[in-house]
Amino acid sequence: MISANLQEIPYVIDKQNQRNMGSTIAELIFIPSPDIGHFVSAVEMAKLLVNRDQRLSITILVIRHPGASAGPVVTPIDRISFVQLPQESPSVMEPKSPFAIFTKFIPSHCKHVTNVVADMINQPRSVPIAGFVIDMFCACMIDVANEFNIPTYLFFTSGAAALGFKFHVQTLSDDMNKDVFELSTSDTEISVPTYVNPLPTKHFWNLVRSREGVEFVLSSARKFRGIKAIMVNTVFELETYAMEALSADKTIPRVYPVGPVLNLNGKPFEDDILRWLDNQPPSSVVFLCFGSMGSFVESQVKEIARGLEQSGYRFLWSLRRPPPDKKPPVPGEYEDPSVVLPEGFLERTREIGKVIGWAPQVAALAHDAVGGFVSHCGWNSVLESLWFGVPLAAWPMYAEQQMNAFEMVVDLGLAVEIKLDYKNNIFNRKDTTNATSNVTAKEIENGIRRVMEDKEVRTKVKETSAKSRSAVAEGGSSYASVSSLIEDFIKNVN
Ligand SMILES: O=c1ccn([C@@H]2O[C@H](COP(=O)(O)OP(=O)(O)O[C@H]3O[C@H](CO)[C@@H](O)[C@H](O)[C@H]3O)[C@@H](O)[C@H]2O)c(=O)[nH]1
């Protein structure tokens, strides 16, 4: 099995920092957060920019994840260099809180960013810095950019609707005097400008389900209102409603939809998985995969297995081992998955199913045999699924995934539901549905049948796939948006 975790992000730090600078006239400093779903997306965005315009070069500042034993592995890319920031000790996160990585660990890197940028500026023949491009969890870096009079851009790795939620939460608190924490723990629904339908509070981003998390969201959103612009990994034609709501609010910086920004190369495909998929009929396999951090307790694993067997569908299942208690929430691989599966499951399903560890997700979604995708609705997974025209069955777990699932199922009709309000919060066990409220085999079976059989959703997803591809092609909406964004960068140094 291919194993993948945070220290194996597929890039290599360019130690020599050697780059062909060519005719570069503007440098961008990217600061992604150290999570694969954010980091990979930011690197792909950086590649997109330098490939589109010879005048740009980019330095990506790498914050090593506190749970990683080594830095990410990255391959050098022309006009992009990677600078690994000195590693801060995870002890800066004491006393332990689920949000300490955002509120303590990432901010503890600000001083290193200041040093690197000061060094860059002092180099003879240095290229003028046109902007900081920061991740949603790196709002603290805006102060560093301001010290150097450098404009800040946010690269938002989730969708436009979720971005609007963050701003709306701040409006509720600051302008309407609402207690967002109380709201998030009440059982009601509210109208959020970037969602077509009222959003049930039980689907709120898990960040706002604690007072500390609410404070973090509020302070980030306040800072984001004052930055130069926001790049969102979305397609205007996919999230038209949300994009229009964002542009209608003049207190929000200009928003550039630049997606889908995807890493379509991924890791090499394992031969036996490919061979197995090659031998399955077109659109016959349901693929199950729950992102970089997704794993389930044993009782839930057994329900999934029963649901799969009852559905009778062929399946490719990425099954990962939950992390031990008190360890960073990074799942591992089972030596022998049969220890958590119902007795005889692997033998009974040998002809129709395959249980794997870390999945070659992009290659699986690209394969003809895959006809449906049971997903946690991490935004990259949503965009990848839509790119390949594979309908989703939404089974969100934590972060903003319940909101993504709600948008896909209820607002856009691009997915079916497995369970929209399921919670399995790896960062905060208190915010987790307990074992007695596992999603049942019957619910899973029903979701699988719907995702494999619902013709209406399938047709809409195929149309969205075509729209995603046109958006990034020359003349498309995202292509045009990236052109304007580049002009915006260049103006900063002219
Ligand atoms: O077995 C696996 C699991 C994941 N992936 C890839 O890893 C990425 C996972 O990204 P995503 O689907 O966005 O999930 P997370 O890793 O959970 O992403 C985090 O970051 C996202 C972007 O901000 C948020 O939407 C999520 O809620 C948050 O958990 C995707 O490109 C997948 O193709 C694999 O290739 N194989």
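Note that ligands are numbered from 1 as they come in the structure, with each ligand's atoms numbered from 1 the same way. Residues: numbered from 1 along the sequence shown. Being a predicted model, the structure only gives us computed values, none of them experimental.
Annotation: T157 places an N or O atom under 3.5 Å from an N or O atom of ligand 1; distance criterion only. Considering backbone and side-chain N/O atoms, A359 comes within less than 3.5 Å of an N/O atom of ligand 1.
For the atom pair W276 CH2 and H367 NE2, the distance stands at 10.0 Å (nearest 0.5 Å). To the nearest 0.5 angstrom, I448 atom CD1 is 8.0 Å from E445 atom CD. Annotation: the span from F137 atom CZ to D35 atom CG amounts to 7.5 Å, rounded to 0.5 Å.
Close contacts between ligand 1 and A399 involve ligand atoms 27 (O) [criterion: under 4.0 Å to a heavy atom]. Of all atoms in ligand 1, listed by their number and element, those nearer than 4.0 Å to a heavy atom of C289 are 1 (O), 2 (C), 3 (C). Every atom of ligand 1 with a heavy atom of H38 under 4.0 Å away is listed here by number and element: 20 (O), 23 (O). The Y398 neighbourhood of ligand 1 comprises atoms 17 (O), 29 (O), with distances under 4.0 Å to a heavy atom of that residue. Less than 4.0 angstrom separates some heavy atom of Q401 from each of these atoms of ligand 1: 17 (O), 26 (C), 27 (O), 28 (C), 29 (O). Taking every non-hydrogen atom of E400 and a distance limit under 4.0 Å, the qualifying atoms of ligand 1 come out as 24 (C), 25 (O), 26 (C), 27 (O).
Among residue pairs with one or both ends in residues 356-367, none qualify as salt bridge (Lys or Arg N to Asp or Glu O under 4.0 Å); sequence neighbours excluded. Pairs passing the salt bridge (Lys or Arg N to Asp or Glu O under 4.0 Å) check and including a residue from residues 214-231, sequence neighbours excluded, read D143-K223, D174-R222, R225-D249, K228-D488.
Annotation: cation-pi pair R52/Y479 present, NZ/CZ under 6.0 Å from the ring centroid and within 45° of its normal.
Summarising the contacts of atom 8 (C) of ligand 1 with D35, N380, N404, the nearest heavy atom is found in N380. Within the set M403, Q402, H376, E384, the minimum heavy-atom distance to atom 30 (C) of ligand 1 is found for E384.
In this pair, W395 and Y422 present their aromatic rings perpendicular. The plane angle is above 60°, beyond the 30 to 60° band.
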